[in-house]
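Before any comments, here is the structure.
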Amino acid sequence: MTEQDILKALSNVQEPDLGKDLVTLNMVKDIAIDGNNVSFTIVLTTPACPMKDMMRTASENAVKILVNKEALVTVNFTSNTSSNRKDAKTLLAGVKNIIAVVSGKGGVGKSTVSANLALALSQGGAKVGLMDADIYGPSQHIMFGVRGERPMMKEVDGKGMIVPLEQYGIKILSIGLLVDEKQAVVWRGPMVSSAIRQFVTEVDWGELDYLIIDMPPGTGDIHLTVVQTVPVTGVIVVTTPQLVALADAKKGIAMFGQAQLKVPVIGLVENMSYFTPAELPENKYYIFGKNGGKNLAEEFDIPFLGQIPIVQSIREGGDLGIPLMVSDDEVTKKAFTEFAGNAARGIAMRNANMPATQVQEVLV
């Protein structure tokens, strides 16, 4: 067996999302051959890739069938998170992907989804930050159990920079960490936009694979400020199956579908999809309707990223500052893990197949 034999065999293994073979995509590294022992490393486009096992099996079979049926194949994985930023990188230079999590209306669990998405990506091996851009109703400092704490400052190139807090392996910043929790944030639009810019220009986010931005509900100033300030890779839309929520989710999808924005929708996730009582684990009760989010994704021809059930432990974890993804509820964690995997795949496909990520010039 030679290295060329191995590469020729692996040229028959397709990367499931990108539609090209591993060799063409330059994803095969460090081939080592010792007798019948063969090892190599596949470089994934995201640490949270849910297709690892499929690629492992296909690669093993390719070598055994096309090169040596006696081969003992070891497939290792590493990752180099894809990015398609073509901006000047004067802001957030170390951040590969910026993902805005949006919803048409409040109360659909957008912040809960943002928190657990960040954690699921991190647990998959990615470096993740979470920016709470919901200035009027911040909640991430509560969900991560850091309320009352204050971020530190440090000097970078002669400029004072805010250092995000770190909790559960996530870098996190929220206006709730910077203002008195008992006081309402009574700001006009320009002040809010200024605060959002400060979260980008005066915060040391460092090197990140993903910066998740928990956006406020609706389609307003903050959304425009974000896409005008930083190169947003794409948006994830959160809805419930309920007709009222779906009607507002359509507006969120439509906003980012406008020609002057050019921000791709990575996909839609349906929260509060069904209720399963702990004592009846096989039962599903569709309290807010069934498959509304799935049908909406099909209507707008955008990827459907998954369904998150109504589970008491999700709510309890958010209130206690211990998000579900760091709890021991393995059954419900699976729903968030699958959603995060689909989101990571969608981001990698967006980077491979769509125009470069740029700061938008919004004419509104």
Side chain to side chain donor-acceptor pair (under 3.5 Å) between N80 and K96: does it pass, once the steps are laid out?
-> CA-CA 10 Å; N80 182 16; K96 292 185 176 181; 3.0 Å; yes
Can you tell me if T240 and N271 form a side-chain donor-acceptor pair at under 3.5 Å?
-> no
Connected to V156, directly or through other members, by ILVMFWY side-chain contacts below 4.5 Å are M161
Are K127 and D209 ion-paired here, with the side-chain N under 4.0 Å from a carboxylate O?
-> no
Heavy-atom side-chain contact between I347 and Y210 under 4.5 Å = yes
Decide yes or no on side chain to side chain contact (heavy atoms under 4.5 Å, CB included) for K20 and E15, but give the supporting numbers first.
-> CA-CA 6 Å; K20 295 180 181 178; E15 205 287 342; 6.0 Å; no
Counting only heavy atoms not in E279, do more than 12 sit closer than 6.0 Å to its CD atom?
-> yes
Any chance you could lay out the side chain to side chain donor-acceptor pair (under 3.5 Å) test for S82 and R350, step after step, and finish with the verdict?
-> CA-CA 10 Å; S82 67; R350 176 262 177 272; over 6 Å; no
Taking only residues two or more places apart in sequence or in another chain, which ones pass side-chain contact (heavy atoms from CB on, under 4.5 Å) with V326?
-> L119, Q123, Y168, I322, P323
Hey, are E299 and K250 close enough for a salt bridge, meaning a charged N less than 4.0 Å from a carboxylate O?
-> yes
Answer yes or no: are there more than 12 heavy-atom neighbours, outside D301 itself, under 6.0 Å from its atom CG?
-> no
Less than 4.5 Å apart, any side-chain heavy atom of I314 and any of T112?
-> yes
SB check D248 K251 (cutoff 4.0 Å) | yes
Note, I33 side chain near I6 side chain (heavy atom, < 4.5 Å) = yes
Stacked cation flag K333 on F336, 6.0 angstrom / 45 deg | no
Sole residue of T233, T46, N97 in side chain to side chain donor-acceptor pair (under 3.5 Å) with N351 | N97
Please determine if R85 and D87 form a salt bridge, counting it only when a charged side-chain N lies under 4.0 Å from a carboxylate O.
-> yes
Is there a donor in the side chain of N68 and an acceptor in the side chain of N36, or the other way round, less than 3.5 Å apart?
-> yes
Which residues, ordered by chain and number, are linked to L280 in its hydrophobic cluster, where ILVMFWY side chains connect at heavy-atom gaps below 4.5 Å, directly or through other members?
-> M272, F275, Y285, I287, F288, I310
